[in-house]
Structures are given as C-alpha cells and as structure tokens.
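Here's the structure, in structure tokens; my notes come after.
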Amino acid sequence: MYIPHSLYQPGDSWLHHLHPLTKLVFSLAAIVIIFSGLGGWLSAIIVGLLTMLLLWLAGLAGQVVRSIFQLLALLTVVLFLVHGLFNPNNQTILLELGPFAIGKEGLVFASTIVLRLAASLAASLLLVFTTHPAQLVQALTEVGLPHRLAYLLGSPLLLLPQIAGRVQIIQAAQQARGLETQGKLLQRVRALFPLVAPLVFSSLVDVEERSLALEVRGFSAPNPKTSLNELVDTPTQRIARWAMMLLAGLLLAVGIWWRAYSGY
Amino acid sequence: MSLKEQLRKDFSTITLVLMAVAIVLNIVLGQLVSLLKLPIFLDSIGTVLVALLAGPWAGGLTGLLTNLIWGLISDPVAAAFAPVAMVIGIVAGLCAKYGLFKKWWQAIISGVIITLALSIIAIPIRVYMFGGLTGSGADFITAYLLATGKDLFSAVFITVITDNLIDKIVTALLAWAIVKGLPKRFTSRFPRASAVID
Amino acid sequence: MVIDVNGLTYTYPSTTNPALKSITFQVQSGQLVAVIGPNGAGKSTLCLALAGLIPALFHGQMQGTVMVCDMDTQQHAPGQFAGQVGLVLQNPINQFSGMCYTVYEEVAFGLENLGVLRELMPKRIDQALQQVGLAELSGRSPYTLSSGQQQRLALASILSLEPSVLLLDEPTAMLDPQGSQDVFEIIQRLVRAGTTVVIAEHHLEWIAQYADRAIALVDGEMILDGAPRDVLSSPVLLQAGIGWLRYTQAAKRGQAYGLWPTNYPLPVTLEQAVTGFQQAGLISSEPETNDADPS
C-alpha cells in the first residue's frame, strides 16, 4: 500500500523477500560497527561496500545511491567547507584563499563523518526501501513486541495520510477566508494559528471515539493476542541474525577497548 | 501502586490513541510549518501535548517513536535524533508534574528548560555523527563560532540553543493554550492533566 | 433478561448535572429496543453505560446497577464485555483500528485482540462479511470505501466477535439514505436471528416499523417506555422537542374534522394510517388502482 512521503518501494528483489527482522538486525549491526570507530574509517568503507554489494545484487543500488546523494549532498558540502576552513584542529595548511586557509585535519574529519554517514544511510535504506513498515511491526510482534507498542508503531502510518489530507482542506478553507501564507514574516506568523488550531482540535476530538472503538474490540483485554497473518522465516535467516548480532557486539567491544587503550 | 499498575494507568487505551495522533501531528505540523518558512519547527508540539496530558514517560515515548517512524518511512537521519525528541517529552512532562505549566509565563520558562535539556543530548549526536553540522541555516552560526575560535562542542551547543529556543517556547505556549482550551470531558480522561489545568 | 438497568444515575466527572437520572428498564433476549431523544438527552451516555465503558473508563459518579449478559458493569473491565456486547458509533472512520490495510484484516482485529485461534478466524470473518454484504470487498483498503460501506465494515468488525447484545449509537447519522437503509436491513436480519439490539436513533419512521419497543430520554430522564405506536404518538414527544411523524400529525389534525376515528390510537406507520382512515370511512376498503398511489 502506498504511504505518502514514503521511501518504501514495493518490489520483488531477494531483499524484499527477506524477513524484516533480518534486515533490521543487519542495519543496526552495520551502524553499530560503523560507529564503533574500529579502524577509523575502515569499518565504514568495508560495511558500506558490503551493503552496496547486497543492494547491487538486488538491483537497488542505483536508487539507494540517488537517495544518499539527495539526503547528504548539502551536508557534505557544508562539512567540507566549514571544517576545512574552521576546524579547531587545523594545523596543516593545504591551501590558502586570502584570509582563509584550508586545513588537512578538518578535511580528514569531514571525510570520516561523510563516509560514516553514507555507509550508515546505505544500511538503513536497505531496510527502509525493501520493507513495508507494517510488516516490520508484524515481525516485531511475532518476537514479543507488546500489542500496545505495536499499535503505536503501526497506526500512525495509516493515520498520517488521513490527517495530512485534512491539512489541505483546512488550508484551502482558510485561504478562501483570505489567509495569507506567502509574504512578509508577520503575515506568515499570523497564518500559523488558523492553520494549526483547527488541525489539532479536529484530531483531538477523534481521540475519544477511537479509543472507545478499540476498547469494544477487546484492545485492553488482558489475554495473549493472536495474529491473522504470519511472516515467512527461515532457519538460515535466524542463524544469520544471531551471527550478525554477535559480530556487531564483538566488534563494538573491541572498538571500545581499542579506543580506550590507544587514546583515540 | 506497583510499577505495572502505574504503567497500565499511564498508558491507557485513550493515552495510546492520543500518542498515535500526536505522533502524526508532530510529522504533519513539522511539514506544514516548514512550508511557511518560519524560524520555528513545531515538530514536537504533539510530544509536549502528550507530556502535559499523560506525563513524562508517555511524552518521551511519543517523541522517540515520532523520530523512529519518520526515520523508517522518510528520512533515516531523523531516527538518529530520536533521543533528543524523547528528552523533549520527558522534560516537558516533568515540568508539568512540578507545577511549571500552570500559567502562560511558566510555560515560557518550561520552554527554556526544555531547550537546555535537549541541547545537552543533541550535542554528542550532532558532533559524533554529523560533525556538528546539519546542512541547514543554523550552520552559519556554527561556522561563525568556530571561526572565532570556539571548540566544536561549545559552538554546537550555542547553535542548538539559538536554533531551538524560539521554537520550544512557542511550542510550550501553544501546547499549554491547547490543553487549557480542551473540553473538561476530554481532559478528565487524563489524570495527569490536572497538573496543568487546576 | 439480557439487560437489567436499575436506578441508573450517572454524573460525568467535573459536572454537577447528572447525565442519566434514575433509569430503570429491562430488555429480553432478541428484542429490538430504540432509544429516542433530543441531542444531549443522554442516549450516548446510556449506550456507553450498557457497553460497560461507563463507569470503568469515565469514572464520575454512578448509582444504581447495570447488568448486561449477567455481568455487572461496575465489577467487570471493558475487555470482558468485548466478546458479548458490541457497540457501533456514529463515525465510521474513527472505528477503524488504524492498523489494518484491508477489510479482511479489519474484521480480524477484534478476533486477534480476544485471542481467537488463527484457524478459527476465517470462518468468523467470512460470516461477518456475509452478514453485512462486504464479502466481495474483502481485499480493499477500508479508506477507499464509501461511508455506508465503511459503517458496514465497522459493524462487521464487531459482528465477528459474535456478541449477543448489539448497541448502536446513531449509526446512520453520517450516512446517506441508501447507506442508512443498508445498515437498518442488517439490524433487522440480526434481530430475526436472535441478537438483542438497543439502538439510539432519530429515524422515527424505521423505529415505528421495526422496533419492538421505544424508550424516550429527555434531559437524562426516561419519560416514555413502551410499544413504538404508543411512544411515538404520545403528546410528550411534542413537548420534548422530538416531534411526531407526519402520519401521526396528519391523523391528529384529521381528528378535529372527523377524518380520524375518535379514541382510536394514532398511527405511526403508513399501514396504520391507511387502516385508520379506512375506519373513519374516508377511504373505501377496496384500494383503487391509481398511478399516483405510492404504496
């Protein structure tokens, strides 16, 4: 099902068919390893390349690279600029531009950050691109996520298009009454309350009726819940998940020890 | 009251529905306000609302889940700041609990406290994960501070505070006004709301 | 006795005026009871009280007792009523779980909550969908349905729990005439099959035709309780602002002109009106075939 603003792309790749938890564990393990700082930016490069390989095998590499670019391009430029010029650790001058000097330490710092971010983003996008959020919630429920938390994760997804739709309506109605949303700062500030207030109040009004509907459908009944659907899982994936978790934990521990002892 | 009972009371069905709606409000309002190009975000108004009506833990969880969900469907970067959003909810709830949300000027003070608290949590995330920068206009401030010789931590701290102060004060005021304006029949379902309305 | 309400007086928290005052009535199994009254009379409050949601969720002050399916609403949590008592509200969309992407899953929601075994679910879901006529739409998203279909889905998601008592609080308020008609027909079928139904409604015409009993609430008090013909033709309804059906008004006016037999009960349905006018000699006992005859 289509979710607005969503990065999820329905598809048929082998990644799409993996159990959601496998992908979740992969993403989290990858991020942990990347930020454990092991080997400086080496862990970022290795994990990043591994992730890109997996994505390439699924035919999604191009899309992921495009997304990473969109999300990080501006930040990358700013990082290199600001740290190249102003990083307090700048000692080695590489280039002088008038009163400004570009320092090596700043550039190294910026590139480490960018590499780590790009690799982490790739790992998260592997999950996000190929997993429908509702399936992730279902997967978590199967391993014991309490149904109340499952509700908190799952229902905003369906509620989002509904309330977002109201924004259009309220905006149109207020503009018909002469509300200015462009123009000077003061005008835009004034536009704020007539847009925000109806949205908030109309959403809150529904809260009571919704909660009653949940109650009469047994939401707060204390018995264990059952589930209509069941996700497909394989022993291979289960083993793989445990292996990844162990590996990430191990590398994290090593990374912390290494930092502590080498005064990174 | 045992912990389990207190949890069940704090997370009643109506609180859960409120939280789900608040999560969506956070996302939708954040988007709406960014269209208006104002120097505020209003993307934690739902969080503060929940904190005022249902307490710090519900508020904290609302903030946390907002960022996780938004990270899952649209912008993974947001997920990194989930702890910041959580702190906003927890601190707002604690301010309300200790009587700092009864009058409008108290709401302003709470907004300041929230800003300080979130800045503390935001700094390590910003510095270690993002090199202190965001790709937004606030980076000019950081750059300027770095150029004048400040270290990265201080520069980021000052930037985060300046960036967030107005937004959190406005958010706190709006949330306070909304809770005050809600019908009694609604707020009576939330025992903790009495810290704000009575 | 499936529903036994005794001296029910209920005041919402932070209010002084009780929403319900000393309500007493019983409902037998399989009855269709309609509750009428102006807005704010307490119809919704009564539905919530019968569903066991008041006082458990709303607190406030309650006197008297409400027993539904042999359970005292002051002694049992709402979750315990869920499989026995169903409640359908006005706004279809607010009744969706918000977690389900298809009609089929939505109907399963309650079953999952009550811990029904997966193997037993398809039969109950199919049955509920049949009852409301949505079997062909089981794969659709609930949010793409018409409001009438959505309300039928809300109904189905309650019916899958197989409640013996069904409460409805103005279920057709947000529906168009066809949607309302569909809902009413489902209720009629359910009553014929043995479900006890209590419905708060404004559609006096349908109530007159199909309800076994009508209760009138005004300002929290039960002012009338009896057969629809008696209740809906009582002058008390006019004072209370609920009003009369057109047939009743016409017959009443007609009495003054000898067009309606004196001391003859006022009609609340078309058939009753026709019979009464026949009695008064106004119409011959043989209806003429007439193109303009609406019946």
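Quick note on labels: first sequence line is chain A, next is B, and so on, each numbered from 1.
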Any side-chain to backbone donor/acceptor pair from [X] onto [Y]? Under 3.5 Å, distance only.
X: A:Lys225; Y: C:Gly115; answer: no
X: A:Thr226; Y: C:Leu117; answer: no
X: C:Arg118; Y: A:Ser227; answer: yes

- prompt: Measuring heavy-atom distances to chain C, does A:Glu208 have an atom under 4.5 Å in its side chain, in its backbone, in both, or in neither?
  reply: side chain

Rounded to the nearest 0.5 Å, how far does [atom2] of [Y] lie from [atom1] of [X]?
X: C:Ser97; Y: A:Tyr151; atom1: OG; atom2: OH; answer: 8.0 Å
X: A:Leu214; Y: C:Phe109; atom1: CG; atom2: CZ; answer: 5.0 Å
X: A:Arg210; Y: C:Gln95; atom1: CZ; atom2: CD; answer: 10.5 Å
X: C:Met99; Y: A:Thr141; atom1: CE; atom2: OG1; answer: 6.5 Å

- request: Kindly give the heavy-atom pair with the smallest separation between A:Ala221 and C:Asn113, and that separation in Å.
  value: CB-O, 4.4 Å

message: Looking at every non-hydrogen atom in both residues, tell me the closest pair between C:Asn94 and A:Ala213 and how far apart they are.
response: O-CB, 3.8 Å

message: Below 4.5 Å, heavy-atom pairs only: which of C:Ser160, C:Gly86, C:Pro142, C:Gly79 has the largest tally toward chain A?
response: C:Gly79

If you draw a 6.0 Å radius around [atom1] in [X], do more than 12 non-hydrogen atoms from other residues or ligands fall strictly inside?
X: A:Trp242; atom1: CH2; value: no
X: A:Phe69; atom1: CZ; value: no
X: C:Gln130; atom1: CD; value: no
X: C:Gln61; atom1: CD; value: no

message: Quick one, C:Tyr101 and A:His132 - any side-chain contact, counting heavy atoms below 4.5 Å?
response: yes

message: Could you tell me if the side chain of A:Glu209 sits less than 4.5 Å from the side chain of C:Gln90, heavy atoms only?
response: yes

Side chain from CB out, backbone as N, CA, C, O: work out which of these in [X] comes under 4.5 Å of a heavy atom of chain A, or both, or neither.
X: C:Gln80; result: neither
X: C:Tyr143; result: side chain
X: C:Ile93; result: both
X: C:Leu89; result: both
X: C:Ala108; result: side chain

message: Run the side-chain contact (heavy atoms from CB on, under 4.5 Å) test on C:Leu87 and A:Glu215 for me, step by step, so that the C-alpha distance in whole Å, both residues' side-chain angles and the decisive distance to 0.1 Å come before the verdict.
response: CA-CA 10 Å; C:Leu87 175 63; A:Glu215 291 280 8; over 6 Å; no

query: Can you list the steps and then say if C:Ser157 with A:Arg217 is a side chain to side chain donor-acceptor pair (under 3.5 Å)?
result: CA-CA 8 Å; C:Ser157 66; A:Arg217 286 165 180 77; 2.9 Å; yes

message: Under a 4.5 Å cutoff for heavy-atom pairs, which residue among A:Leu228, A:Leu212, A:Asp206 has the most contacts with chain C?
response: A:Leu228

